[in-house]
Amino acid sequence: MKELSVNSKNIDTILVLDFGSQYTQLIARRVRESNVYSEILPWDIDESKIKLLNPKGIILSGGPNSVTEAYTPRIPQIIFDLSVPILGICYGMQTLAEQMGGQVISADNKEFGHSELNIHVESAMLKGIDKRLNVWMSHGDQVQDLPDNFKLIASTSTAPIAVMEHESLPIYALQFHPEVTHTDKGQNIIENFILDICNADTAWKMDHLINKRIEEIKEKVKDGKVLLGLSGGVDSSVTAALLHKAIGKKLTCVFVNNGLLRKGEVEEVMQTFKENMNLNVIKSESEEIFLRHLKNIDDPEQKRKIIGRTFIDIFDAEAIKLKEIKFLAQGTIYPDVIESSGSESNEARVIKSHHNVGGLPEEMELDLVEPLRDLFKDEVRKMGVELGIPKEMLERHPFPGPGLGVRIIGEITKEKTKILQHADHIFIEELIKADLYDKVSQAFAVLLPVKSVGVVGDERRYAEVIGLRAVETVDFMTARWAHLPYEFLEHVSNRIVNEIEQVSRVVYDISSKPPATIEWE
Ligand code: XMP
């Protein structure tokens with residue numbers, strides 16, 4: 001996407017010069033978190049772009065290379081000529097040291113993980129930090145000799161020069177990573193640099209970013225038409241709202257109802273986007289096709305594949321009906337990019353699995369538009385709020401692409417889907433009422449493939465079993481089952497067996513991940 005500077009609005013900007021670290025986006029994000037605008041440019045970008053940005057300060061990122069080798073990235077002269085504060089982090093520190101007359105060596109052992117920083121001398125960079133600080137290291141090389149006119153500020157047991165600063169110029173360098181949450185007070189350290197040392201204004205707001213993205217989208221799309229697969233999830237919803245603001249009716253969204261969504265979800269998505277926000281949304285009522293393809297299938301991976309494949313076929317068919325589509329928009333966000341490529345610098349183009357439209361005919365030659373590609377989930381949510389998407393929609397628990405298809409254990413039928421939708425709705429409704437919904441990370445009901453005996457009045461009933469699952473997690477890689485109050489569970493269970501005739505029993509899942517995954521299939 002073409003870089004456009006926001007500096008026409010004279011917003012103070014911190015330039016993050018990228019040397020290829022997986023943390024570069026995180027640095028930019030931390031700067032934005034303090035309401036200062038930041039922009040990332042590759043280290044070898046044309047000088048004129050850097051001048052145009054007119055930065056208030058420059059952060060040199062880490063990177064995978066070793067300055068001890070020839071032909072590795074170096075800081076361009078323009079960075080020094082601008083006479084603004086500079087902060088080198090990890091590789092940024094090493095190349096700074098090397099270029100200013102110091103010496104960098106390859107350490108015998110790579111240091112990766114926690115380390116204790118001992119601060120010897122006061123520094124504006126470490127204002128408000130105690131003499132000892134828990135920091136996060138990830139490096140092979142380190143500075144051995146200080147460059148000319150630099151002084152030592154802090155060390156760790158393995159890195160004798162872990163923080164250094166110039167004696168008279170505002171040039172600082174850190175061997176550790178203040179941008180990762182494993183470093184205590186990392187945000188303080190970044191603020192010391194951007195607010196105190198660079199004196200940058202905290203004037204930047206989410207609407208600046210929205211306006212910038214709108215300009216970029218207009219510039220890229222021009223008069224072309226754009227297609228987007230809308231799922232009702234946070235990322236595709238925010239992408240839709242942003243594109244709509246930029247290009248209005250030139251955006252067409254396709255929303256596929258696969259019959260495996262939560263109760264009321266189809267109506268809610270159509271109401272929000274088509275009726276309230278006036279987006280061009282084509283709803284494809286495809287429940288019967290999905291059911292037909294899923295008939296007699298009980299293997300989870302098979303189900304996933306069929307649901308994914310059917311989605312692509314339906315999406316493609318809708319796309320082909322539309323004329324003159326030139327672009328395909330996707331709600332790819334930064335964590336999707338890292339997961340698949342390891343680094344933003346790698347130009348991997350990822351097609352999100354759920355919206356995998358890789359099956360679109362090649363002759364359509366669609367260009368990708370991914371306006372959220374460098375944002376983190378919480379930033380996407382904030383953008384969504386500004387764009388007028390209802391909060392309930394943005395703060396909803398994650399929902400898997402195959403939907404209820406992987407929560408009906410065994411074969412999927414219409415009847416089972418209705419039962420599960422109803423039970424899930426009761427559980428979620430009660431969580432919200434009891435103010436517990438936001439306290440758990442994900443909660444849902446599962447329909448088990450067994451029947452169990454129950455007694456209703458004098459009558460014995462051989463009926464379905466519903467499992468309830470609620471977990472607490474930060475990253476969804478590991479999770480703890482949520483210790484919901486017994487009274488609450490009792491109330492939900494009563495409502496489910498009383499209101500859903502086909503259910504005779506409710507169980508609560510008390511397994512953590514690992515070994516149990518969050519979903520049952
Ligand atoms: P597990 O079950 O692997 O889930 O512990 C971790 C997170 O991923 C979601 N999930 C999926 N999301 N397609 C998706 O888009 C899938 O096939 C899928 N399987 C699991 C799950 O809901 C949880 O948030």
Side-chain angles (χ1 to χ4, degrees), residues 228-239 255-263 265 269 290 293-294 297-312 314-315 330-340 350-358 372 376-378 380-381 393-410 412 417 420-421 423-425 427-428 431 437-448 467-482 508-521:
L228 170 76
L230 184 64
S231 70
V234 175
D235 308 340
S236 72
S237 298
V238 175
T239 306
F255 174 47
V256 177
N257 177 14
N258 59 10
L260 299 167
L261 301 172
R262 288 164 285 198
K263 187 167 179 230
E265 197 162 3
V269 170
F290 279 87
H293 291 186
L294 288 163
I297 306 290
D298 58 9
D299 175 72
E301 281 317 302
Q302 278 275 98
K303 286 202 272 184
R304 272 196 171 77
K305 274 198 194 121
I306 291 170
I307 295 169
R309 191 68 239 169
T310 308
F311 174 87
I312 292 169
I314 292 169
F315 190 88
Q330 291 208 113
T332 313
I333 68 169
Y334 190 61
D336 304 327
V337 178
I338 323 191
E339 254 169 45
S340 52
V350 192
I351 309 273
K352 287 190 93 173
S353 60
H354 180 49
H355 307 288
N356 189 336
V357 283
L372 310 181
F376 291 79
K377 196 85 178 185
D378 57 322
V380 172
R381 285 205 174 94
M393 208 159 196
L394 295 168
E395 276 158 22
R396 244 199 323 222
H397 294 164
F399 187 64
L404 301 184
V406 288
R407 294 179 181 171
I408 293 167
I409 315 306
I412 298 163
T417 311
L420 181 59
Q421 279 176 332
D424 187 72
H425 181 71
F427 186 28
I428 299 300
L431 281 165
Y437 184 80
D438 293 333
K439 299 198 170 76
V440 299
S441 315
Q442 194 170 7
F444 53 89
V446 183
L447 184 68
L448 304 189
L468 301 179
R469 178 98 165 120
V471 295
E472 289 165 4
T473 171
V474 176
D475 56 9
F476 295 88
M477 307 291 283
T478 61
R480 171 183 188 246
W481 61 275
Y508 187 56
D509 183 347
I510 55 166
S511 329
S512 286
K513 174 182 179 177
T517 49
I518 296 173
E519 300 291 344
W520 274 49
E521 279 197 336

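Counting convention: from 1, in listed order, for ligands and their atoms alike.
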E519 with R304: basic N within carboxylate O range, under 4.0 Å: no
Ionic contact status for D235 with K377, cut-off 4.0 Å: yes
Test item: Q330 and T239 side chains (from C-beta on) under 4.5 Å apart, heavy atoms: no
Any side-chain heavy-atom pair of T310 and V256 under 4.5 Å: no
Atom indices of ligand 1, in the order listed, that fall short of 4.0 Å to a heavy atom of K513: 1 (P), 3 (O), 5 (O), 6 (C)
Backbone or side-chain N or O of E519 under 3.5 Å from ligand 1 N or O: yes
Polar proximity ligand 1 side, I518 side, N/O cut 3.5 Å exclusive: yes
G401, P400, G405, A479: member with heavy atom nearest to atom 10 (N) of ligand 1: P400
